[in-house]
Amino acid sequence: MDKTTDNQSKSFFNDVYEVVKLIPPGRVTSYGAIARYLNAKGAARQVGWAMNGAGKLKGIPAHRVVNSQGILTGMDYFDKGHSMAQLLLEEGIEIENNKVKNFKSYFWDPSSELL
DNA sequence: CTTTTGACGGGGG
DNA sequence: TCCCCCGCCAAAA
């Protein structure tokens, strides 16, 4: 498949998906945290961008990814039958006003916890 | 090739 | 606390 000496990371997207899939249930992380884990600190936006299609894909708990404020920013991007808040609630995460309650308590930093 | 966007983050008023 | 602007960086048009 590789035509040249391509190594890991075919694309930023791929990396993001992998990390998101590693997010344990009942936990949430932020775009910036993921970006930072990928050594792309300033690419927090691209992380969310990558999730654009992830919301409909399966196996990618995009609902566990929120912004640094703990707000479910992509909630409108999810299917209405499986809204972001709904999935988080099922995982035991309290949501209030489209925002994760005790966000800090549920926060999962890949750079810290995952190693 | 250039231009725009975008589920962000942080700083300033 | 709320609102606005800037910066970062990569993909899409």
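By convention in this document, chain letters (A, B, ...) are assigned in the order of the sequence lines, proteins followed by strands, and residues within each chain are numbered from 1.
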Worksheet item: Once you round to the nearest 0.5 Å, how far does CG of A:N102 lie from CZ of A:F107?
Response: 14.5 Å
Discussion item. Between the base of B:dA7 and the side chain of A:Y77, is one N or O donor paired with an acceptor at under 3.5 angstrom?
Written reply: no
Worksheet item: Nearest-Å distance, CG (A:N98) to C1' (B:dA7)?
Response: 13 Å
Fill in: ILVMFWY cluster, A:F13 and A:Y77 together (side-chain gap under 4.5 Å)
no
Identify all pairs in which a protein N or O lies below 3.5 Å from an N or O of nucleotides 8-10 of chain C, and state each distance.
residue: C:dC8; atom: O2; partner: A:G42; partner atom: O; Å: 3.2
residue: C:dC8; atom: N3; partner: A:R45; partner atom: NH1; Å: 2.3
residue: C:dC8; atom: N4; partner: A:R45; partner atom: NH1; Å: 2.9
residue: C:dC9; atom: O2; partner: A:Q46; partner atom: OE1; Å: 2.6
residue: C:dC9; atom: O2; partner: A:Q46; partner atom: NE2; Å: 2.3

Discussion item. With a 4.0 Å limit, can you tell me whether A:S68 has a side-chain N or O closer than that to the phosphate oxygens OP1/OP2 of B:dG9?
Written reply: yes
Worksheet item: Whole-Å distance between B:dA7 C1' and A:F78 CZ?
Response: 8 Å
Fill in: Euclidean distance, atom CD of residue A:Q69 to atom P of B:dA7 [Å, nearest integer]
14 Å
Discussion item. Less than 4.0 angstrom from a charged side-chain N to a carboxylate O is my criterion; do A:E18 and A:K21 meet it?
Written reply: yes
Fill in: Test: A:E91 and A:R64 ion pair at under 4.0 Å
yes
Worksheet item: Rounding to a whole Å, what distance do you find between A:Y17:OH and C:dA11:P?
Response: 11 Å
Item to complete: Using a cut-off of 6.0 Å, state whether more than 12 heavy atoms not belonging to A:D76 lie near its atom CG.
Response: no
Under 3.5 Å between N/O atoms: give me all the protein pairs with nucleotides 2-4 of chain C, atom names plus distance.
none

Worksheet item: Quick one: does A:P110's side chain get under 4.5 Å of A:W108's, heavy atoms only?
Response: yes
Fill in: Sugar-phosphate, base or nothing in reach of A:N67, heavy atoms under 4.0 Å
sugar-phosphate
Discussion item. Measure CZ/A:R36 against C1'/C:dG7 and give the value in whole Å, please.
Written reply: 18 Å
Response to the item:
To the nearest angstrom, the CD1-C1' distance between A:I23 and B:dA7 comes to 13 Å
Worksheet item: What is the distance, rounded to the nearest whole Å, between atom CD1 of A:I71 and atom P of B:dG10?
Response: 13 Å
Fill in: Straight-line distance of A:M75 CE to A:Q86 CD, nearest 0.5 Å
10.5 Å
Worksheet entry | Sugar-phosphate only, base, or nothing, as touched by A:A35 at under 4.0 Å among non-hydrogen atoms | nothing
Worksheet item: Distance from A:K58 atom NZ to A:I60 atom CD1, nearest 0.5 Å?
Response: 12.0 Å
Worksheet item: How long is the line joining NZ of A:K41 and C1' of B:dC8, in whole Å?
Response: 13 Å
Discussion item. Could you work out, with side-chain hydrogen bond (donor to acceptor under 3.5 Å, both in side chains) as the rule, every residue matching A:D109, not counting sequence neighbours?
Written reply: A:R36
